[in-house]
Amino acid sequence: MKRLLATTILAAVVAIPAGVSADTSEKRIALSNNYAGNSWRQAMLKSWGKVGEEAVSAGVVAAADAFTTAENQVTEQAAQIQNLILQGYDAIVINAASPDALNGAVREACDAGVTVVSFDGIVTEPCAWRIAVNFKQMGKDEVLYLAEVMPEGGNLLEIRGLAGVFVDDEISAGIHEGVAENPQFNIVGSVHGDWAQDVAQKAVAGILPSLPEIAAVVTQGGDGFGAAQAFKAAGRDVPVIIMGNRHDELTYWKEQKDAAGYETMSVSIAPGVSTLAFWVAQQILDGQEVPKDLVVPFLRIDQDNLEDNLANTEAGGVANVEYSLEDAQGVINSGS
Amino acid sequence: MNAARPAARPAIVTRVLEQPWLWAYLGALLVWLATITFTQGQGAGEVISAALAFGTFSVIVGIGQMYVITLGPGNVDLSIPATMTFAGAVSMKIMGTQDAMIPLGFLIAIGCGASVGVFNYGLIRLLRIPPIIATLSSSFLFQSAAIAYGRGIKIKPPPILADFATARIAGLPILALVTILFAALMAVVLHRTVYGRSVVAVGQNPRAAHFSGISVDFIRFVTYVLSATLAGICGYFLSGFSGGASLNMGAEFLLASIAVVVIGGTSVAGGYANVSGLWGAALFMFLLVTMLNTFGLGAGVRLVMTGVIIIAVITVAGGKSANS
C-alpha cells in the first residue's frame, strides 16, 4: 500500500511538467509547525519529509523544509514565520499554535509576496489559505453510517472527548445533528472518555449497568478499544463501536472480524494531511486558481480495506496516508 | 470524648458513629441508592460489581499511599502513576503475551516498583530532598524511561493474566476479593505488628519514636519501598485488566491514591491510619462519577458536583474526628 502510494506520487510528479502553466522548480516551500510532542505530529512531520524529499528530487520544487518550534508558543512561531520570510521562501505552510494570534506575522508574509497555507491548526487572516477539518461532519458521518447498516435504529451510547475542548463540542454537535435527522436512533447515555482507552473503559463500565440494550457506540477516536473492553467485562455483547483509526482499535476490529464477522467503520484525520497542504501550496505557486477555504478529507476505513490500513499503521500509532497531487487537485476542485 | 452526648444512646452505636471510615461507606451507599432510584432498580448489582472491579486498583495504590502519608507531615508518594506505567510497560513487554512468563512478569513488576521505592528514599535521605519534590522528580525519570522503553506501544497481556484480572465469581471480581483479603492483612500489619505500630509512632512524633528505640530511617525506607512496590503490582494487574500497558494509564491514580486515603478517614497530618476506609472511599469515588453520568448531567455540572460532594464528605468525616 505504502509502496503503491509512493509510486502514484512519483508518477504524478513525473507527469507534472507537461501540464503546468508556471514552473515551480525554483520555488521553495517551508513548513512552520508549532508542536511535535505526540505520535500524530511525529507522523505528520514524517509524511511531510517523505513527500517533500521526493518532490525535491523530482525537481517539482527547490526545497520543502520543515521547522518546528520548541515550546508551542505563539510568539515563538511568529518569530519563526518572520525568519522564513527573510530567508526568502516562496510559500509557508503553517500548522498554527493559535487561530488569530499569528495573523500579524501572516499578514507580513502576504505583504512580502509569500503564499501562506494553513492546515489543521488554521489561521483566520483572510490573505491565507485554510485547509480545515470539519469535525462536525465527522460526527454526523458516524450516525449516517449507522443509519445505513441498521435502518431499524436503536439505542446509542455516546463517548465524548475532553470536556471544554472545541473539537469535543464540534464532533458531539455533529452526532446530535445526525440523530435529530434520524429519529430511529436515541442517545441513552453520554460519558467523557478523554480520547483515552483507559478513561473510556472506566466511564463506560460505570454507566453500562444502568443502560438498556445498546445498538451502537458513537465515539471520537482513541476510545473505541476501551469501550469494547468495558462491554466484554460486563458480560454484554459488544455492539457496533465506531473506531478512530488507532492501531489498538483496528487490531481489535480485525480480531473480531476474523472470529465473528464483526462489522463497523473507523474514521479520523490522517497525519499525512501535511502533504495535502504541501501540494495545495505547490498548486498556488503553479498559478492555479485555488479557493481560500478547503476541507480536509477524512481517512475512513471500512470492512473491505481494514487489512490494508492495519498493515500500513505503525503499532501504537494512527492510520496514515500521504496525499498525491491528484488528491490535492480533487480537494481543490470540490472546494470551488 | 464529648461529655455532652446523650446518655440514652447505646455505647455500641456511639462507637460505630465515631469510626472515621463510616462516612465513606455512608456516602457510597447514598450515592448508590440515588443511582438505582434513578434507573428504577435496573443494574443495581452490576454497578456494585463494576465499582469493586475499578475500586480494586485505587485501593492497591491507596494502601501504599496511606502508609506513606501516615509517616507524618510532608510525606507523600507522587511517583505512583509513573511507577505503575513503568512496571506495567516493562513486565508486559518482557512477558510478550506468553502465559508461561506470568510469574516472572509479576516478579519483574515487583522489582520495578521496589527499585523506584529505593531510588525515592535515596533522594529523600541521601540528598535530603523533601519527599514531594523527590517523588515528583523521580516520577519524571521513570515515566520517561517507560516512554523510551515502550515507545507508546500498547503491549497486550498474556491471555491467562487478562482472564484472571477480569474474572468473576458469582458476579464479584476475583481481583477485588483478593484485594479485600489483602487490605485486611495490611490492617492487621498496621495495628498488630511492630512495623505497623512503628509507622504510626513515627507519624505522631519522630523524635519520641527515635528515643523509644525505633529506627526511624529504616521504617521510612521500608514504607516508601512498600508504596512503590504496590504501585508496581497495581500497574501489572491494571495492564492485564485493560488489555495492555499504555503510557497514560497511571495518570488518574495520582489524585485517586490520595483521595481514597483522605476520604477513607486517614489523617493527612500523619500518625493516624485507617485501612477499612480505603474501600469505602474507592467505592464512593467510582459510584459518584457513575451517578452523575447516569443522571446525564453536562460535563461542567458533573465536575462541580464531584468537587462539592468530596468536600462535603471530608468536612463531615473530618469534623467528627476533630471533636473526639
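All chains are named by letter (A, B, ...) in the order of the sequence lines, taking the proteins before the strands, and each is independently numbered beginning at 1.
Rounding to the nearest 0.5 angstrom, the gap separating the OG atom in A:Ser210 from the CG atom in B:Asn293 is 8.5 Å. The distance from the CZ atom of B:Phe54 to the CG atom of A:Asp198 is 9.5 Å, given to the nearest 0.5 Å.
Side chain of B:Gln42 to main chain of A:Leu211: a donor-acceptor pair is present (N/O by atom type, distance under 3.5 Å, no hydrogens or angles).
Per-residue counts of heavy-atom pairs under 4.5 Å with chain B were compared for A:His192, A:Lys202, A:Arg160; the largest is that of A:Lys202. Ranked by heavy-atom pairs shorter than 4.5 Å toward chain B, the options A:Ala203, A:Gly189, A:Pro209 are led by A:Pro209. Comparing A:Ala230, A:Pro212, A:Ala233, A:Ala163 by how many heavy-atom pairs each has under 4.5 Å with chain B, the most go to A:Ala233.
Scanning all heavy atoms of the two residues, the minimum distance from B:Thr290 to A:Ile207 falls at CG2-N, 4.4 Å. Minimum heavy-atom separation, B:Ser242 to A:Gln201: CB-OE1, 3.0 Å. Residue B:Ala50 comes nearest to A:Ala205 through the heavy atom pair CB-O, 3.7 Å, listed as atom of the first residue, atom of the second, then distance.
Summarising the local packing, CD of B:Gln40 is surrounded by 12 or fewer heavy atoms from other residues, nucleotides or ligands at distances under 6.0 Å. Within a 6.0 Å radius of CG in A:Asp258, more than 12 heavy atoms belonging to other residues, nucleotides or ligands are found. Applying the 6.0 Å contact sphere to CZ of B:Phe140 captures no more than 12 heavy atoms from other residues, nucleotides or ligands.
For B:Val47, the parts lying under 4.5 angstrom from a heavy atom of chain A are both the backbone and the side chain. Residue contact with chain A, scored on non-hydrogen atoms closer than 4.5 Å, involves the side chain of B:Glu252 exclusively.
Looking at heavy atoms from C-beta onward, A:Gln197 lies out of side-chain contact with B:Met249 at the 4.5 angstrom threshold. Contact annotation: the side chain of A:Gln229 never approaches that of B:Phe241 to less than 4.5 Å [non-hydrogen atoms, C-beta and beyond].
Contact check on A:Glu255 versus B:Lys156 returns a salt bridge, with a Lys/Arg side-chain nitrogen under 4.0 Å from an Asp/Glu carboxylate oxygen.
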